[in-house]
Amino acid sequence: MEDEVVELCRELIRIDTSNTGDVDGPGERVAAEYVAEKLEGVGIKTTVLESAHRRTSVVARIEGTEPGRDALLLHGHLDVVPAQASDWTHDPFGGEIADGCVWGRGAVDMKDMDAMILASVLDRARTGRRPKRDLVLAFLADEEAGGKYGAHWLVDNHPGLFEGCTEAVGEVGGFSLSVPGDRRLYLIETAEKGLAWMRLKAVGTAGHGSMVHDDNAVTELAKAVARIGEHRFPIRLTPTVRRFLEAACEAYGVEFDPKDPEASLPHLGTLARMIGATLRSTLNPTRLDAGYKTNVIPQHAEAQIDGRFLPGYEKEFFETVDALLGEKVQREFVHYDIAVETEYEGDLVGAMEEALTWADPGAIPVPYCLSAGTDAKSFATLGMRCYGFAPLRLPADLDFSGMFHGIDERVPVDGLQFGVRVLDRFLDNA
Ligand SMILES: [Zn+2]
């Protein structure tokens with residue numbers, strides 16, 4: 001299992017599944033067929049589905065030994081964000097091993113987890129180790145562009161594939177953050193911010209650039225964009241973030257001050273930026289588009305905003321956005337998805353904690369909120385409680401959050417092997 005996980009990860013990285021947006025990359029179908037063949041090879045029946053040309057996902061169900069229990073979904077996406085090879089130390093689609101790491105696009109996001117799921121499930125099938133509950137596996141297209149051709153499409157068009165699933169386990173959780181005393185926090189994702197990518201439109205009166213002109217779309221839009229970009233939402237401590245910060249402060253031996261949660265951020269090293277973004281909703285202008293000639297005042301001006309709202313604060317978020325827009329600027333969604341938050345308790349969480357502390361006696365499992373989004377949002381709409389748990393024990397000095405979509409994305413080989421041991425142990429008890 002520990003050798004196979006490394007080979008599976010390397011082979012998946014070598015299949016270029018770049019997702020550039022609405023256009024399909026070269027490889028989602030190839031990767032899906034690769035996964036299906038591996039599963040079929042050990043007698044696991046798969047369903048291969050295509051939402052659009054070559055936008056392919058694979059779903060399989062493994063029957064548990066205790067019928068009548070709720071099913072568990074394990075999901076991973078097969079697509080990756082593009083990579084510019086000239087910027088990288090090693091070929092982003094080479095799956096090379098160097099300096100103790102597997103290098104390549106997808107090494108942490110998330111072909112590592114895909115490989116862990118596969119390696120564990122293949123080994124369990126070969127050795128006749130069946131899970132207690134029904135296990136549904138989903139290897140998905142299109143997560144990196146919001147899941148329109150992957151998780152969302154499957155949930156909308158084939159919800160029956162997930163029948164009986166009450167809980168889901170996916171990415172961006174289970175990784176370690178070193179703290180004093182040779183101990184490590186393991187961040188299990190129990191919440192995600194919602195996302196509102198918005199197009200702003202201002203309409204004014206077109207005219208000659210030499211005139212006195214009071215109804216200028218560019219001016220109105222620019223004012224709204226500046227208001228939005230300068231706005232700071234108040235700090236809102238969600239249950240997940242509070243619990244995370246309390247645990248992190250305890251691990252560092254400092255007092256947690258609920259009145260000043262930002263004071264605990266400097267302890268978190270490279271994770272501080274990401275955790276900091278889970279203390280409040282955010283709005284960032286990202287695109288501007290107006291006009292076509294210097295002496296022509298255009299009738300329209302447009303901008304785009306990347307907005308992220310905390311679980312439980314969606315209403316406050318949109319009321320604020322609308323107040324900031326003013327009367328002359330309208331908004332519409334480029335992409336919208338919900339915020340999710342679930343409790344950090346119950347048998348499934350217990351199984352994650354047990355597996356982590358079994359493999360690492362210095363483990364301190366803690367819940368945390370992801371500042372971005374994953375396919376969990378789709379599965380939450382089917383009523384599942386969603387967790388991010390792709391276990392990785394990481395060296396203290398690795399900038400893990402910087403690996404996501406970054407240059408020189410890589411995963412330590414021993415981290416990957418640790419991960420498959422933990423995931424397999426978790427599946428024994430899940
Ligand atoms: Zn991902």
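Just so you know, ligand 1 is whichever comes first in the structure, and atom 1 is the first atom listed for that ligand. Worth saying up front: this structure is predicted, and the values here are computed from it rather than measured.
- Counting only protein N, O or S atoms, 4 lie closer than 2.8 Å to the Zn ion (ligand 1).
- Ring geometry for Phe175 versus Tyr368: interplanar angle over 60°, hence perpendicular rather than tilted (30 to 60°).
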Give every donor-acceptor pair under 3.5 Å between a side-chain atom in residues 65-72 and any protein atom, sequence neighbours left out.
from, atom 1, to, atom 2, distance (Å)
Glu66, OE1, Arg69, NH1, 2.8

Show every donor-acceptor pair shorter than 3.5 Å between a side-chain atom in residues 153-165 and any protein atom, with sequence neighbours excluded, or say none if there are none.
from, atom 1, to, atom 2, distance (Å)
Asn157, ND2, Trp153, O, 2.9

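- With Val102 as reference, Val6 is the one residue of Val108, Val6, Asp112 to meet the side chain to side chain contact (heavy atoms under 4.5 Å, CB included) rule.
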Distance-only check: which donor-acceptor pairs under 3.5 Å involve side-chain atoms of residues 225-235, not counting sequence neighbours?
from, atom 1, to, atom 2, distance (Å)
Arg227, NE, Leu324, O, 2.7
Arg227, NH2, Leu324, O, 3.1
Arg227, NH2, Leu325, O, 3.0

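- Relative ring orientation between Tyr336 and Phe318 is described as tilted, the plane-to-plane angle lying within the 30° to 60° band.
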